[in-house]
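Taking it in order: structure first as structure tokens, then the write-up.
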Amino acid sequence: MRKKILIVENSSTVQRIFKKTFEDDAAMRFETDLGNLVDSLFDFMPNILLLNSAFEEPSSFDFVKLIRSIPCFENLAIGMYSNTEDSFDEEFAYSCGANLFVRLDQKALILSVEELFDIASSNGELLDQADVIQTKKVMNDKKLVVISSEINAELRLKNKIVTSLFSMMNEMESVESVVAEFLSFIAEFMSSPIVSLSLVENNGPHSYVVASQNISDEEKEDFIKVCMSDFEDLDLDSSLSMMVPQFFEPKVNLDTFKTDGVPLSAYLSAKLLNAEGREYGVIHVLRGGNFSSAQTSLFNFCCENASVLFDKVLMIKQKIFVENRIRKAFSLFVPDEVIDSYVNGISTADSQGKETALGEKRPVAVLFSDIRSFTNISECNKPEVMISFLNRYFTIMCDIIKKHGGTIDKFIGDAIMALFGAPVSYEDNTRRVVAAAYEMREALASVPLGDLILPSGMKFDIGIGINYGDLTVGSLGSKDRTSYTVIGDNVNLASRLEGLTKTYGSMILVSDSVKKDIEENLQCDTFVFRHLDDVRVKGKSTPVPIYGVDRSIEEFSPKYRDCYKKGFSLYRQGIFNLAKEYFEKCLLEVKDDKAAKLMKERCADFIANPPENWDGAIKFTTK
């Protein structure tokens, strides 16, 4: 016998799709609204029913529920479909009794109809004709109204439950506020004077309770013992012996649900499951008398949907916990916007510490700064004066670094190590690090010395070395203590450059990689770089061009700059006698210039003792 499909669809275009797809395989009848659907079911007796989920007043979902309540149609293969992306349609379709739900495209439709025919075959090819005829005789409008009224009442309650749960989710201020709101809600619709929620949270098990004022302490204790017994059935990693229930004031009056003389003997509980199916909580309710089957059904429905709510609640609580730890740990060292970016992008695995320890290689700009002659200064001052001064100094310098997007990696005595490019990177990390160094130099005059005593003739000064290159970044340390940091040769080079600032008399020294990155990416044209030397620092065999960062082009005269450039070019070629003359001219322009004086003395030494295999770079053997 030919298969039959009853389709409820008011669009002629969609009807044509059905006809084109199935007219060779099945007999079809179309209804354009839900008004005649029940009569059509009795008359046509289809193998499967397909209906668009978009009908309202009455809704398609209500009608599926109604059809399922008619005994002869309780096993009818029913499919619902939609051509929209409403994320709740599918959930509602299955909850009201549909066998399948499909988004409307031809391929999916064919597969779904085939699956519905398979369902129909497993239930018998056709509806039982005698059963349908007998049901039709006893089924009248009045009975349908009664069934529909009961279904609508249940649906209204379920809609209220879902709406209330979504409201709690969207207005989530804190975990505690959601728990208090939920417990009051479930106590009200279950007519229960005391309810409890037991949850396995990240920091262990917790119990929450709301209770009527006329519940005695003894009744509370007995109820909590039963709750603990149920809760222990979950696979808990920790003991409940130290768990103390937290009581909330109910949001509604629960006193009317406790009747004197009626024992609290009816108890219900339901487990909460997360998306992976793991049990993580239990909801408990207690009341006098008995729970009706309708109440039990609604309670289970509420608990199923509450699983989604509290799964999200616990995720948010964990996120807040991790955020607070991150902010507390990094707030002194990292700009707020960097913390925000890191926190907002953190994954669940990160929050559980499963991935943050993994190392990765990335380009990072490293800044080292150090107070000149700090040992001599320390010898002149009391420890408390030194600590107080360093705190003031670090505060000013670190604020500048954070302002430009840098991260304080560590303090090493009086030295600061800062990163630009980890944990958060910008397109212009090198511009940012040089801008920060420039501002740190200018801010020195604003650092309050307070009671600090400087050795006679000494000026408070710092040196800053900057390098840019690939580094390994990640959490480094022992199982008990780790810190996010960087390692690699490029860190060492930044430290060596800081140490050379006093040798060359430039407060800021940068490597060639810093200058090149700024110039290649056209990041800034306001910095004035001065090529001072090519050096091999301790631990490096490759020569590194180093540059001073001047305050402005006017800091040194054009003649000085021209003489130093020419002298350095001759020096690199090994023409030391001519190079020495140009460096002497530099000293005529700037009498105390350390770099020109150093190069002049080196030329004199090389004239007397010519270096072997000269390639234009000087080797430093100390840090």
Side-chain angles (χ1 to χ4, degrees), residues 1-56 58-84 86 89-139 143-144 147-148 151:
M1 185 177 292
R2 199 174 186 205
K3 297 174 181 177
K4 299 179 184 179
I5 308 175
L6 178 57
I7 302 168
V8 188
E9 176 57 61
N10 58 9
S11 166
S12 58
T13 302
V14 178
Q15 287 184 14
R16 283 196 295 272
I17 293 174
F18 280 109
K19 289 175 182 177
K20 182 179 178 181
T21 306
F22 301 114
E23 63 183 355
D24 294 335
D25 302 313
M28 286 178 284
R29 177 185 287 190
F30 290 95
E31 292 292 344
T32 57
D33 59 49
L34 298 172
N36 298 317
L37 178 56
V38 176
D39 289 338
S40 287
L41 283 169
F42 280 115
D43 294 339
F44 191 54
M45 290 192 294
N47 298 87
I48 65 175
L49 168 66
L50 289 173
L51 69 163
N52 194 324
S53 65
F55 286 102
E56 297 180 355
S59 77
S60 303
F61 305 106
D62 291 351
F63 243 84
V64 172
K65 191 79 173 177
L66 174 63
I67 292 165
R68 285 289 185 231
S69 69
I70 301 173
C72 62
F73 298 132
E74 61 184 6
N75 292 321
L76 177 66
I78 301 176
M80 300 186 75
Y81 61 87
S82 174
N83 53 7
T84 66
D86 190 328
D89 279 357
E90 185 170 358
E91 182 180 344
F92 288 151
Y94 287 119
S95 67
C96 72
N99 298 99
L100 280 178
F101 181 87
V102 63
R103 299 292 169 194
L104 194 59
D105 69 74
Q106 197 165 7
K107 184 177 179 181
L109 195 59
I110 292 171
L111 293 174
S112 299
V113 169
E114 288 175 354
E115 188 171 346
L116 284 171
F117 276 131
D118 289 340
I119 293 170
S121 296
S122 66
N123 294 336
E125 277 297 323
L126 291 173
L127 296 170
D128 188 310
Q129 188 171 1
D131 193 16
V132 172
I133 292 171
Q134 181 61 32
T135 303
K136 187 176 181 181
K137 285 181 180 179
V138 300
M139 187 65 63
K143 191 161 186 177
L144 281 175
I147 294 173
S148 179
I151 291 169

Partner set under side-chain contact (heavy atoms from CB on, under 4.5 Å) for Thr13, not counting sequence neighbours: Ser11, Arg16
Sequence-distant partners of Asn10, side-chain contact (heavy atoms from CB on, under 4.5 Å), two or more places apart: Thr32, Phe55
Met28 and Glu23: CA distance, side-chain angles, deciding distance, side-chain contact (heavy atoms from CB on, under 4.5 Å) verdict: CA-CA 7 Å; Met28 286 178 284; Glu23 63 183 355; 3.9 Å; yes
Could you report the tightest heavy-atom contact between [X] and [Y], atom names first, then the distance?
X	Y	result
Ala77	Asn99	CA-OD1, 3.3 Å
Ser82	Phe101	CB-CZ, 3.7 Å
Phe73	Leu41	CZ-CB, 3.6 Å
Val64	Ala98	CG1-N, 3.9 Å

Side-chain (Glu9) to main-chain (Phe30) donor-acceptor, under 3.5 angstrom: no
Single hit among Leu37, Ile78, Leu49 for side-chain contact (heavy atoms from CB on, under 4.5 Å) with Phe63: Leu37
Non-hydrogen side-chain atoms of Arg68 and Leu76 separated by less than 4.5 Å: yes
Lys3 side chain near Asp25 side chain, heavy-atom distance below 4.5 Å: no
Find the distance between [atom1] ([X]) and [atom2] ([Y]) and round it off to the nearest 0.5 Å.
X	Y	atom1	atom2	answer
Asn47	Phe117	CG	CZ	5.5 Å
Leu100	Glu114	CG	CD	11.5 Å
Met80	Leu51	CE	CG	4.5 Å
Asn52	Ile7	CG	CD1	11.0 Å

With sequence neighbours excluded, residues passing ring-ring contact (aromatic ring centres under 6.0 Å, His included) with Phe18: Tyr81
